Asker: 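Take this structure, written in structure tokens, and hold onto it; I'll ask about it next.
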Amino acid sequence: MQPISTKPTPPSDDKRWRIVTATMRRHGFRPDALIETLHSVQEAFGYVDDEAMRFVARGLQLPPSRVYGAATFYNYFMLKPQGEHTCVVCLGTACYIKGAAEVLEQLQLLTGVKPGETTPDKKVSLLSARCMGACGLAPVVVLDGEVNGMASPEALTAKVEEWTHHD
Amino acid sequence: MIEERPLYIPEQNIVLEHNHEIDPEQLDDYFKIDGFAALNHVLTEMTPPEVIDQLSRSGLRGRGGAGYPTGLKWQTVAKAQGSPKYVICNGDEGDPGAFMDRNVMEAYPFKVLEGMTIAAYAIGASQGFIYVRAEYPLAVQRLKNAIRQMEKHNYLGKNIAGTPFSFDIDVRLGAGAFVCGEETALIASIEGRRGNPRPRPPYPAEHGLFGCPTLINNVETFANVAPILRNGAEWFASIGTEKSKGTKVFALSGRIARAGLIEVPMGTTLREIVFEIGGGIPDGKAYKAVQTGGPSGGCIPSDYLDVPVDYESLLNLGSFMGSGGMIVMDETSCMVDVARYFMEFCMSESCGKCVPCRVGTAQMYQLLTKIVHGDATLNDLALLETLCDMVRTTSLCGLGQGAPNPVMSTLRYFRDEYIAHIVEKRCPAGVCPVHKHVQQEVSA
């Protein structure tokens with residue numbers, strides 16, 4: 001057994017690293033804390049970049065390749081900063097049957113980016129989801145964390161235009 | 001938005017009992033629905049083999065989809081050599097169109113945790129994990145809250161209810177990988193690794209989390225445990241069909257008048273579910289199919305609406321119980337397009353470890369894309385069928401083995417729609433690109 005590592009040195013004196021370190025400590029700096037720790041990085045910083053991955057690798061005494069492998073395997077982890085607003089279109093079966101593809105197409109036209117991308121002015125990130133588990137409200141679009149059921153392209157257009165023009 | 005629904009046929013609530021009467025964040029409220037009565041009874045008056053015997057005699061089968069007998073699974077883990085042993089609750093509800101487990105975890109967190117605790121006593125585990133999708137923040141919050149309250153009231157932790165039995169539960173978050181619903185991939189994920197499945201055997205019952213004997217059951221399975229031990233195996237076994245006992249929670253959505261969750265006895269027919277409980281198809285449209293079993297399932301046409309729904313009958317129809325999503329489709333949905341939708345899903349969610357799934361799903365997706373664009377020949381269709389067979393029989397895990405199912409079931413019941421796209425270059429439902437090409441030509 002490798003000796004359990006003590007507190008790893010954070011990449012900067014940003015206080016948010018303490019949250020990440022606390023998560024690792026709660027799990028005794030064991031390798032199985034990797035996914036929980038990546039969640040905590042994303043919660044604190046909004047995304048998981050190379051610097052964070054190297055820090056986590058040192059903290060849990062894992063090869064950086066394994067941290068990178070996990071971070072890129074799981075869709076939930078964002079590797080780049082997200083826009084000021086996020087717009088997630090659910091593409092689950094019920095939403096698909098009820099026209100989610102058209103909704104997504106409309107949003108792509110409006111923002112000029114594809115799912116997974118952020119507008120050049122960093123205002124809006126467009127994302128797609130597998131299923132939000134809100135199928136009774138299909139089609140579903142989540143705007144800044146708020147679930148909007150029975151989404152119509154018109155209402156979405158108004159909202160997204162508000163984001164891109166007025167703030 | 002959700003209207004009260006008149007009961008045309010009786011729903012029967014075991015999992016979703018007393019729906020509106022309890023606050024899911026209050027342990028005291030859980031007592032109102034006999035909370036922890038089963039756990040207290042089990043810990044003070046039953047031996048672990050007696051608990052397993054009750055479960056076996058109840059006939060409960062895994063609600064995650066495959067329908068493996070729960071009692072038998074518990075017994076295997078109880079007998080397995082090695083320690084410690086683990087209990088895992090699979091709350092990684094990934095099938096699009098399925099939201100039963102989300103609701104159960106949000107509305108009855110104590111019930112799921114009570115089921116897990118009884119399981120731990122029966123198999124001799126001291127640590128449990130409940131693995132929940134990160135996309136379900138409310139479920140995560142309520143489970144964590146429930147665990148804290150149970151610890152405070154000594155229903156979790158050391159010497160539960162004054163007995164020598166000790167058990168802890170931790171929540172683990174998923175991170176958006178569909179394949180992690182597969183049990184060996186889920187275990188890899190809890191161990192902090194990529195969610196790659198591995199060949200079975202050895203099954204998790206013998207070689208699971210950290211190499212130790214591990215019991216994995218679905219959320220709904222655990223939610224059935226306390227009611228069974230409260231009311232007895234005979235009571236549970238009196239509900240349902242010969243081989244499928246109890247009730248099943250289904251998530252109704254798609255082209256249906258009343259979408260939502262229902263709980264019906266096993267053996268209820270699709271017609272009763274779709275037309276009586278669900279209120280039928282809105283806007284005067286005609287029923288075409290109901291899709292069950294998610295990306296590993298199939299589409300069931302109107303000819304089979306009167307078949308009683310249980311594990312075996314759905315398999316015979318070329319579909320799958322799955323976790324309980326039912327997506328209703330009417331004449332405006334194209335079955336080829338639906339098959340392509342699911343293939344895209346499996347292609348993107350394939351973990352890439354085994355070749356048949358990684359490459360096969362991509363090839364099948366391309367063939368289906370050719371068909372919807374009207375560029376395919378009958379040879380392509382034959383190739384598609386060959387690939388279906390190959391991917392089904394040679395993939396490593398359930399994701400790949402099930403991936404051809406939506407294609408095979410739509411080919412079985414809606415072959416004419418494939419032929420229309422390939423030979424007549426038209427989409428009968430008018431949704432595929434081939435239809436739009438033709439329209440452009442006509443207007444030009």
Side-chain angles (χ1 to χ4, degrees), chain A residues 23-24 26-27 29-40 42-43 48 56 60 62 65-78 88 90-102 115 127-140 142 145 147 149-150, chain B residues 1-2 93-103 133-137 139 170 172-180 189-196 209-210 251-256 258-261 291 294-295 325 327-330 332-333 337-338 341-342 344-345 348-349 351-352 431:
Chain A
T23 303
M24 293 194 280
R26 195 164 62 245
H27 293 274
F29 297 97
R30 288 191 315 271
D32 59 276
L34 176 56
I35 289 161
E36 292 290 306
T37 309
L38 291 175
H39 271 298
S40 138
Q42 178 147 313
E43 204 167 298
V48 184
V56 173
L60 303 178
L62 287 168
S65 61
R66 219 180 108 185
V67 178
Y68 184 77
T72 52
F73 181 88
Y74 294 99
N75 294 325
Y76 196 78
F77 299 126
M78 301 293 163
V88 188
C90 180
L91 295 179
T93 319
C95 293
Y96 186 75
I97 296 294
K98 290 199 155 182
E102 287 83 56
L127 301 160
S128 65
R130 280 308 182 192
C131 182
M132 312 299 299
C135 315
L137 307 175
V140 168
V142 182
V147 176
M150 322 239 173
Chain B
M1 207 161 281
I2 296 161
E93 180 175 58
D95 285 3
F99 50 96
M100 302 77 48
D101 294 349
R102 171 191 183 143
N103 184 280
R133 296 180 78 193
E135 290 87 341
Y136 289 177
D170 273 337
R172 284 288 179 276
L173 290 187
F178 174 70
V179 71
C180 287
S189 185
I190 294 183
E191 290 171 351
R193 294 184 285 121
R194 292 164 66 100
N196 284 339
L209 187 62
F210 305 118
L252 276 180
S253 64
R255 299 282 179 191
I256 189 151
R258 290 188 288 265
L261 280 191
Q291 206 279 342
I327 299 117
V328 180
M329 301 174 193
D330 65 14
T332 61
S333 289
D337 181 58
V338 167
Y341 164 84
F342 282 114
E344 192 277 330
F345 184 96
S348 307
E349 294 296 331
C351 78
V431 297

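Order of the sequence lines fixes the chain letters, A, B, ..., with proteins taken first and strands second; residue numbering starts at 1 for each chain. Fair warning: this is a prediction, and the values are worked out from it, not measured in the lab.
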Asker: Report the C-alpha distance between B:Phe342 and A:Thr93 in whole Å, list the side-chain angles of each, state the deciding distance to 0.1 Å, and finish with yes or no for side chain to side chain contact (heavy atoms under 4.5 Å, CB included).
Answerer: CA-CA 8 Å; B:Phe342 282 114; A:Thr93 319; 3.5 Å; yes

Asker: Does B:Gly174 offer a backbone N or O that forms a donor-acceptor pair with the side chain of A:His39 under 3.5 Å?
Answerer: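 Side chain of A:His39 to backbone of B:Gly174: a pair is present.
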
Asker: Check whether any side-chain heavy atom of B:Ser189 sits under 4.5 Å from a side-chain heavy atom of A:Tyr74, and report yes or no.
Answerer: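 Of all side-chain heavy-atom pairs linking A:Tyr74 with B:Ser189, at least one is under 4.5 Å.
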
Asker: Can you tell me which of B:Gly254, B:Gly352, B:Pro137 forms the most heavy-atom pairs within a distance under 4.5 Å of chain A?
Answerer: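 Ranked by heavy-atom pairs under 4.5 Å with chain A, first place is B:Gly254.
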
Asker: Between B:Gly176, B:Ala175, B:Gly325, B:Cys351, which has the largest tally of heavy atom pairs under 4.5 Å with chain A?
Answerer: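 Counting heavy-atom pairs under 4.5 Å, the top option is B:Ala175.
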
Asker: For residues 128-139 of chain A, run the donor-acceptor check on the side chains, cut-off 3.5 Å, and write out each pair with its distance to 0.1 Å, sequence neighbours left out.
Answerer:
residue: A:Arg130; atom: NE; partner: B:Glu349; partner atom: OE2; Å: 3.1
residue: A:Arg130; atom: NH2; partner: B:Ser348; partner atom: OG; Å: 3.3

Asker: Just so I understand: if I count every heavy-atom pair under 4.5 Å between each of B:Asp337, B:Leu252, B:Val328 and chain A, which residue has the most?
Answerer: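 Most pairs with chain A among the choices: B:Asp337.
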
Asker: Does A:Asp32 reach the main-chain N or O of B:Gly192 with its side chain, forming a donor-acceptor pair under 3.5 Å?
Answerer: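 No.
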
Asker: Considering only heavy atoms, which portion of B:Ala98 lies under 4.5 Å from any heavy atom of chain A: side chain, backbone, both, or neither?
Answerer: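 Just its backbone gets close to chain A.
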
Asker: Between B:Arg133 and chain A, with a heavy-atom cut-off of 4.5 Å, which part of the residue counts as in contact: side chain, backbone, both or neither?
Answerer: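 It is the side chain, since no backbone atom gets that close.
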
Asker: Evaluate the side-chain proximity of A:Glu36 to B:Leu173: yes if any heavy-atom separation is below 4.5 Å, no if none is.
Answerer: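 SC-SC contact between B:Leu173 and A:Glu36 confirmed.
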
Asker: Relative to chain A, which segment of B:Arg102 carries a heavy atom at a distance below 4.5 Å: side chain, backbone, both, or neither?
Answerer: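 The side chain, not the backbone.
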
Asker: Side chains of A:Ile97 and B:Arg255: does their closest heavy-atom pair fall under 4.5 Å?
Answerer: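 Yes, close enough: below the 4.5 Å cut-off.
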
Asker: Excluding sequence neighbours, so at least two apart, what forms side chain to side chain contact (heavy atoms under 4.5 Å, CB included) with B:Arg194?
Answerer: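 So B:Arg194 forms a side chain to side chain contact (heavy atoms under 4.5 Å, CB included) with A:Thr72, A:Phe73, B:Asn196.
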
Asker: Identify which part of B:Asp95 has an atom lying under 4.5 Å from any heavy atom of chain A, answering side chain, backbone, both or neither.
Answerer: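 Backbone only.
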
